[in-house]
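The structure under discussion appears below in the form of structure tokens.
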Amino acid sequence: MKDNRPALMRMFSAILKERAKAEPTETKISPEMLKHFSRKDLIEMITKIYQGKLPDELNKVETENERLMELIGDDLFIISYMTEKWCKEAVLTAPDTTAKTPPVSSAAAPATDKKEAPENKQDKKN
């Protein structure tokens with residue numbers, strides 16, 4: 001798949017915005033969406049939707065990309081698939097922060113001032 005994340009994000013945003021405004025109707029995948037995905041991407045999405053198995057009627061060699069989009073059925077499946085993929089990529093490329101010690105907030109830090117707390121002064125007088 002091409003690195004077209006910004007274009008896809010804009011398209012996904014427009015789709016979600018339209019879905020939020022409109023009444024639920026027949027869902028179709030935008031033909032514009034087709035140009036952003038390779039055949040391999042579409043087959044991977046279908047495999048994910050059908051839980052690891054391709055539908056019996058699907059012939060990977062002969063099936064047109066438009067038919068693959070019909071099998072996917074809804075823009076939301078594509079959005080879900082891509083956001084999951086982007087999240088996994090982000091986790092893999094994120095710097096390793098597990099070895100670092102988190103900074104101590106001032107509320108949790110021990111007092112370093114030499115003055116004693118008021119309750120301690122009372123204890124010493126008794």
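Given the structure is predicted, the values throughout are model-derived calculations rather than measurements. Only heavy atoms go into these numbers, but all of them, side chains included; no hydrogens, no water, no symmetry mates.
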Let me confirm one number: the [atom1]-[atom2] distance from [X] to [Y], rounded to the nearest 0.5 Å.
X	Y	atom1	atom2	result
R67	N59	CZ	CG	12.0 Å
L71	L42	CG	CG	10.0 Å
D74	M69	CG	CE	11.0 Å
N65	E70	CG	CD	11.5 Å
I72	I29	CD1	CD1	5.0 Å
I43	L54	CD1	CG	7.0 Å

request  = Run the numbers on M33 and F12 for side chain to side chain contact (heavy atoms under 4.5 Å, CB included), then give the verdict.
outcome  = CA-CA 10 Å; M33 190 82 74; F12 293 169; 3.8 Å; yes

Holding to salt bridge (charged side-chain N to carboxylate O under 4.0 Å, His left out), I want the full list of residues that pass it with [X], two or more places apart in sequence or in another chain.
X	value
R39	none
K17	none
E62	none

inquiry  = Whether the side chain of T83 engages the backbone of I79 through a donor-acceptor N/O pair (distance < 3.5 Å, no angle test) should be reported.
reply    =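 Yes, because the side chain of T83 sits within donor-acceptor range (under 3.5 Å) of the backbone of I79.
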
inquiry  = Using only atom types and a distance under 3.5 Å, with no angle test, would you say the side chain of S80 pairs donor to acceptor with the backbone of L76?
reply    =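 It does not hold such a pair.
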
task = Indicate yes or no: at least one non-hydrogen side-chain atom of M11 is less than 4.5 angstrom from one of D75.
result =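 M11 does not reach D75 side chain to side chain.
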
request  = With F37 as reference, evaluate L68, L8, N4 under the side chain to side chain contact (heavy atoms under 4.5 Å, CB included) test and give the passing residue.
outcome  =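 So the option named by the test is L8.
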
ask   = Given the rule in the side chain to side chain contact (heavy atoms under 4.5 Å, CB included) test, do K85 and K48 qualify, once you have shown the distances and angles that lead to the verdict?
value = CA-CA 12 Å; K85 190 172 183 175; K48 177 119 176 125; over 6 Å; no

Pair E84 + K88, salt bridge at N-O below 4.0 Å =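 K88 and E84: salt-bridged.
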
task = Begin from the C-alpha positions of R5 and W86 and carry the test side chain to side chain contact (heavy atoms under 4.5 Å, CB included) through to its verdict.
result = CA-CA 9 Å; R5 189 176 303 197; W86 291 337; 3.3 Å; yes

